[in-house]
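What follows is a set of notes on a single structure, which appears directly below.
Naming: A, B, ... by sequence-line order, numbering from 1 per chain. Hydrogens, waters and symmetry mates are skipped; everything else that's a heavy atom, side chains included, is used.
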Protein chains: 2
Amino acid sequence: MPNARERVRAEITAEIADAARRQLAEVGAAGLSLRAVARELGMASSAVYRYVPSRDDLLTRLIIDAYDDLGAAAEAADPPGGPPRQRWLAVCRAVRGWAREHPHEYALLYGSPVPGYRAPAETVPPAARVGLVLGRILGDAARSGDLPEAAGERDPALISDDAVAILGGEHPALDEAVRVRALLAWSAVFGTISFELFGHLVGSVLDTDRWFDRAMGELAAGLGL
Amino acid sequence: MPNARERVRAEITAEIADAARRQLAEVGAAGLSLRAVARELGMASSAVYRYVPSRDDLLTRLIIDAYDDLGAAAEAADPPGGPPRQRWLAVCRAVRGWAREHPHEYALLYGSPVPGYRAPAETVPPAARVGLVLGRILGDAARSGDLPEAAGERDPALISDDAVAILGGEHPALDEAVRVRALLAWSAVFGTISFELFGHLVGSVLDTDRWFDRAMGELAAGLGL
DNA sequence: TCTCGACAAGAGCGGTGCTCTTGTCCTGGA
DNA sequence: TCCAGGACAAGAGCACCGCTCTTGTCGAGA
């Protein structure tokens, strides 16, 4: 039975997280200030510390929420059953769309690590969700026979068993070369989005929408999707 | 004729930049503090402002120096004339090696943009150096006949003329599809390095050295190198 | 020799994260 | 019903930040 006191406490904690998210969208992670959050909520800066242990702790909560939001967007964009290539493109577009809508949160997840901050273990499962979606597409394609047979090479010292499980699991069509390409594609998806968001494509790519689609298409082709 | 006064001024300015670089390696770009630089050099914080107009200006200098250092490393790793695939791998390895030796400077260049800081135009030429090296390899491969003929498609609304010039220029073996793959490979190189440096491969890739080589090999193969 | 400019240093402004103390108010148990 | 204990807000304070303004010094060139 949630106490009245406990309920209002949870509400205020949620309000602090919301205000922090708004601030994150405006000034970025490095500019996130508990004092500004307190100002926005009309409370003393010291009062915030009754609800949030520290700035880093608030950051962890924002990171987990952002990973979950991004993961949900990726999952929602992938209704299983369609052709693998279209599923791949749909998920990639969803990830890019989320990143463009939440650039500061994206930077928090995939940009420079915040100095002095070490992400705790509870951020790992939410962080894996996008990878799970992409890996499931590859695995489904293998099981439905949409991938050519492969040599079945397996090098346990190169890619971990956990990663193999995510990347479609064990299957005759999934050998180490495919998995290397899959991890490369995964890195490349976020590499292209980061390059676009962080301004490295300015002056080179004129139509980023079409370029992204073509680039993701090339990645899919490289995977045999 | 450099005045004695001007000489000592240039020396102190260089000392400030060096101290800032050391500080960058310790606390990252967001934690870079002119006061700490002043402390390290044994001068008053206000005295630093006689040599550096602002913190952002110092950041610009560090960015340009880092781009130049990385660009020089990439150029030094590419003695032209060898087989394109080996040149490609050598340059990629050099970029990764530089990134691992200077993780904070790499994050400054390719990580999250520093909030409130906007890179001025003079950072663009140094930033282009790695791309020039990679593009030259592609162009040399095309001109030496190591690439298959292509359709020669050219879409001026997709990729800028400047980028086309960097990516080997106009050649029958270089059409828009190749250029898309080249830009994708460029993004993927930094995507994989960022993923490794920023911790996204922890738990998935066990041997990052070998994985990087194989991934870069896949990228080269995708380009026909 | 003397003037002027470059310089260092200190004080100060408004901001930050975070802590400690003080005083208030509400809730749950006797 | 009353009261003790705990949750709470707020203020002051510490050390830090970027940056500016003023003051005083010192040396190079006219």
Check every strand shown and say whether [X] touches a base, only sugar-phosphate, or nothing at a heavy-atom separation below 4.0 Å.
{"X": "B/Leu41", "answer": "nothing"}
{"X": "B/Arg35", "answer": "base"}
{"X": "B/Leu32", "answer": "sugar-phosphate"}
{"X": "A/Ser33", "answer": "sugar-phosphate"}

Which of these nucleotides, C/dA9, C/dG17, D/dA10, is closest to any side-chain atom of B/Met43?
-> C/dA9
Among the candidates C/dC7, C/dA8, C/dC18, find the nucleotide nearest to the side-chain atoms of B/Ile12.
-> C/dA8
Rounded to the nearest Å, what distance is computed from the [atom1] atom of residue [X] to the [atom2] atom of nucleotide [N]?
{"X": "B/Gln23", "N": "D/dC17", "atom1": "CD", "atom2": "P", "answer": "8 Å"}
{"X": "A/Tyr51", "N": "D/dA9", "atom1": "OH", "atom2": "C1'", "answer": "9 Å"}
{"X": "A/Arg39", "N": "C/dG15", "atom1": "CZ", "atom2": "C1'", "answer": "8 Å"}
{"X": "B/Leu59", "N": "D/dC17", "atom1": "CG", "atom2": "P", "answer": "16 Å"}
{"X": "B/Arg7", "N": "C/dA6", "atom1": "CZ", "atom2": "P", "answer": "18 Å"}
{"X": "B/Arg9", "N": "D/dA28", "atom1": "CZ", "atom2": "C1'", "answer": "16 Å"}
{"X": "B/Arg55", "N": "C/dG15", "atom1": "CZ", "atom2": "C1'", "answer": "14 Å"}

When you match B/Arg50 and B/Leu34 each to their closest nucleotide on DNA chain D, which lands nearer the 5' end?
-> B/Leu34
Does any N or O in the side chain of A/Trp88 come within less than 3.5 Å of the main-chain N or O of A/Met216, such that one atom is a donor and the other an acceptor?
->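 Yes; judged by distance alone, with no hydrogens or angles, the pair exists.
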side-chain N/O B/Tyr117 vs D/dG18 OP1/OP2, d < 4.0 Å = no
With respect to the phosphate group of D/dA7, does any side-chain polar atom (N or O) of A/Tyr49 fall under 4.0 Å of OP1 or OP2?
-> no
Among B/Asp213, B/Thr192, B/Asp209, side chain to side chain donor-acceptor pair (under 3.5 Å) partner for B/Arg96 =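 Result for side chain to side chain donor-acceptor pair (under 3.5 Å) with B/Arg96: B/Asp209.
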Positive for side chain to side chain donor-acceptor pair (under 3.5 Å) with B/Glu40, one of B/Gln23, B/Arg22, B/Arg35 = B/Arg22
Closest to the 5' end of DNA chain C, once A/Pro53 and A/Ala36 are matched to their nearest nucleotides, is A/Ala36
On the 0 to 90° scale, with breaks at 30° and 60°, tag the B/Phe190-B/Tyr106 ring pair as parallel, tilted or perpendicular.
-> parallel
Under the side chain to side chain donor-acceptor pair (under 3.5 Å) rule, collect the residues that match up with B/Asp65, sequence neighbours excluded.
-> B/Arg21
Give a yes or no on whether a donor-acceptor pair under 3.5 Å exists between the nucleobase atoms of C/dA8, that is its base, and the side chain of B/Ser46.
->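 No, the side chain and the base share no sub-3.5 Å donor-acceptor pair.
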